[in-house]
Amino acid sequence: MAVRVQAAPFDPGTELARFAGDRTDVGAQVSFTGLVRDDGGLRHMEIEHYPGMTEKAIAAIEAEAVRRWDLKASLVIHRYGRLAPGERIMMVATAAGHRADAFAAAEFLMDYLKSRAPFWKREVTADGAAWVAAKDADEDALSRW
Amino acid sequence: MAVRVQAAPFDPGTELARFAGDRTDVGAQVSFTGLVRDDGGLRHMEIEHYPGMTEKAIAAIEAEAVRRWDLKASLVIHRYGRLAPGERIMMVATAAGHRADAFAAAEFLMDYLKSRAPFWKREVTADGAAWVAAKDADEDALSRW
Amino acid sequence: MIDVLYFAWVRERIGLPKERVETEAATVADLVEELVAREARYAAAFADISALRVALDQELAEFDAPLAGVREVAFFPPMTGG
Amino acid sequence: MIDVLYFAWVRERIGLPKERVETEAATVADLVEELVAREARYAAAFADISALRVALDQELAEFDAPLAGVREVAFFPPMTGG
């Protein structure tokens with residue numbers, strides 16, 4: 001169960017290959033990678049966070065996932081700072097005996113990270129900069145858990 | 001939209017890094033990796049398949065996923081032959097604008113691959129070899145789609 | 001003439017992966033009946049049809065499906081991929 | 001004395017990321033009232049409380065939560081991580 005909050009880029013493949021170690025009781029690994037999507041005109045994205053609270057909030061979300069599902073390992077990496085279109089923002093990985101646990105835990109982690117971890121995105125375009133508004137759909141997604 | 005059926009090992013990280021190319025309209029990538037799980041005493045697993053039908057069946061499942069969700073890219077790799085505990089059996093990857101499409105399509109692909117792609121697993125232990133029985137839960141999982 | 005393929009424990013019980021079969025069977029079920037009548041190993045493989053799946057020309061099908069125009073029939077247990 | 005932190009557009013409207021505040025406020029809402037009374041930029045930041053979130057000592061809380069014993073209060077818009 002690991003949490004990393006960092007400005008530096010990361011490589012999902014490298015992380016995925018090692019986050020569950022060499023255990024042979026893992027039958028299923030799920031990963032989610034979030035990327036900076038350019039819907040047209042995006043110059044870059046800036047991500048602000050709340051140092052200290054961020055790590056604690058993510059660790060609490062991860063602990064809740066471990067309580068709910070039979071996970072052998074999990075990993076959350078989230079970047080902050082300036083990111084260009086196509087760059088990786090964050091990733092989540094889960095390892096379990098069976099696929100249902102791995103998928104459910106990964107989706108749960110994503111839903112909670114979206115709305116409960118203290119990150120704020122700002123998009124910079126040719127027209128200026130704007131804070132990304134929270135989506136009702138993201139808040140609503142929490143009610144399924 | 002790619003399908004590969006092969007005896008050779010593969011590296012999920014390498015595959016994940018390139019399956020969606022350099023497009024910047026992807027905001028979410030999901031991957032699933034299935035591994036040979038050793039619940040105790042497994043020497044190795046053997047996977048038999050139906051050459052020709054396997055590729056067609058997976059391509060049909062993938063086409064159905066593309067019809068149902070807004071995917072920018074998808075990938076299915078499945079191995080056959082002899083695999084040791086801890087080895088990677090198969091992977092699925094999906095890329096979409098948003099996470100809901102990427103997650104749903106990856107789970108759909110997994111559920112259908114489990115029960116509708118012509119692969120058969122045989123487990124070899126010290127006590128001998130036994131074909132893995134299909135699980136009712138895997139068949140039931142199809143009803144949610 | 002039709003190619004008949006067997007996989008997994010169906011292949012093991014019958015003792016071969018593939019054979020060419022001369023048949024006038026109208027449906028898959030009729031073909032199974034002909035095979036079962038041949039030898040005990042076929043009877044053993046097809047003892048419980050509900051435990052088997054069939055594909056016609058590499059597409060999943062039902063046991064009451066017609067064989068007209070079909071070149072390849074495959075019998076196997078429920079699939080366990082993924 | 002309490003540390004008050006601001007993030008994202010709350011930080012921009014108020015014009016600083018952090019300040020130490022001398023307060024006897026009993027709840028978060030009381031603290032907000034004191035800040036709003038100070039200057040227009042605070043009034044602008046806190047104009048719509050329903051658009052804001054608050055954390056007490058780095059845990060999400062409600063605006064009616066008591067401030068007794070709290071060392072760090074943070075105000076920010078709904079989070080947009082992931």
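Residue numbers begin at 1 in each chain, while the letters A, B, ... track the order of the sequences. The analysis underlying the following values was restricted to heavy atoms, covering all of them including side chains, and did not include hydrogens, waters or symmetry mates.
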Peer 1: Is any side-chain N of the basic residue among Arg67(B) and Glu62(B) closer than 4.0 Å to the acidic one's carboxylate O?
Peer 2: no

Peer 1: For Ala106(B), is it the side chain, the backbone, both, or neither that has a heavy atom closer than 4.5 Å to a heavy atom of chain A?
Peer 2: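 Answer is both: backbone and side chain atoms of Ala106(B) are under 4.5 Å from chain A.
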
Peer 1: Test side-chain contact (heavy atoms from CB on, under 4.5 Å) on Arg82(A) and Arg43(A) and set out the steps.
Peer 2: CA-CA 10 Å; Arg82(A) 177 187 287 219; Arg43(A) 283 188 179 165; over 6 Å; no

Peer 1: With a 4.5 angstrom heavy-atom cut-off, is it the side chain or the backbone of Asp38(B) that approaches chain A, or both, or neither?
Peer 2: both

Peer 1: Begin with the C-alpha distance, continue with both residues' side-chain angles, and end with the deciding distance and a verdict on side-chain contact (heavy atoms from CB on, under 4.5 Å) for Phe119(A) and Ile58(A).
Peer 2: CA-CA 11 Å; Phe119(A) 292 100; Ile58(A) 296 176; 4.0 Å; yes

Peer 1: Given Glu107(B), which of Arg68(B), Arg144(B), Lys114(B) fulfils the salt bridge (charged side-chain N to carboxylate O under 4.0 Å, His left out) condition?
Peer 2: Arg144(B)

Peer 1: Using a cut-off of under 4.5 Å on heavy-atom pairs, state which of Ala102(B), Pro12(B), Gly97(B) scores highest against chain A.
Peer 2: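 Sorted descending by pairs with chain A, the first entry is Gly97(B).
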
Peer 1: For Ser31(A), is it the side chain, the backbone, both or neither that has a heavy atom under 4.5 Å from a heavy atom of chain B?
Peer 2: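 Answer is both: backbone and side chain atoms of Ser31(A) are under 4.5 Å from chain B.
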
Peer 1: Heavy-atom pairs under 4.5 Å with chain B: which of Ala28(A), Gly27(A), Gly86(A) has the most?
Peer 2: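 The answer is Gly27(A).
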
Peer 1: Check the angle between the aromatic planes of Trp145(A) and Trp69(A) and answer parallel, tilted or perpendicular using the 30° and 60° thresholds.
Peer 2: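 Because their plane-to-plane angle is over 60°, the rings of Trp145(A) and Trp69(A) count as perpendicular.
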
Peer 1: Say whether, by atom type as modelled, one donor and one acceptor occur between the side chain of Arg79(A) and the main chain of Ala7(A) under 3.5 angstrom.
Peer 2: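 Checked: pair present.
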
Peer 1: For chain A, find which of Asp22(B), Thr14(B), Asp11(B), Thr24(B) contributes the most heavy-atom pairs closer than 4.5 angstrom.
Peer 2: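 Greatest number of close heavy-atom pairs with chain A: Thr24(B).
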
Peer 1: Below 4.5 Å from any heavy atom of chain B, which atoms of Val36(A) appear? Answer side chain, backbone, both or neither.
Peer 2: backbone

Peer 1: If I measure from the heavy atoms of chain A, does Arg88(B) come under 4.5 Å with its side chain, its backbone, both, or neither?
Peer 2: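 Contact with chain A involves the side chain of Arg88(B) alone.
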
Peer 1: Please classify the contact between Asp111(B) and chain A as side chain, backbone, both or neither, with a heavy-atom cut-off of under 4.5 Å.
Peer 2: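 The answer is both parts of Asp111(B).
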
Peer 1: Identify which of Met91(B), His98(B), Arg23(B) forms the greatest number of heavy-atom pairs closer than 4.5 Å to chain A.
Peer 2: His98(B)

Peer 1: Under a 4.0 Å N-O cut-off, is there an ion pair linking Lys72(A) with Asp101(A)?
Peer 2: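 A salt bridge is absent here (no side-chain N lies under 4.0 Å from a carboxylate O).
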
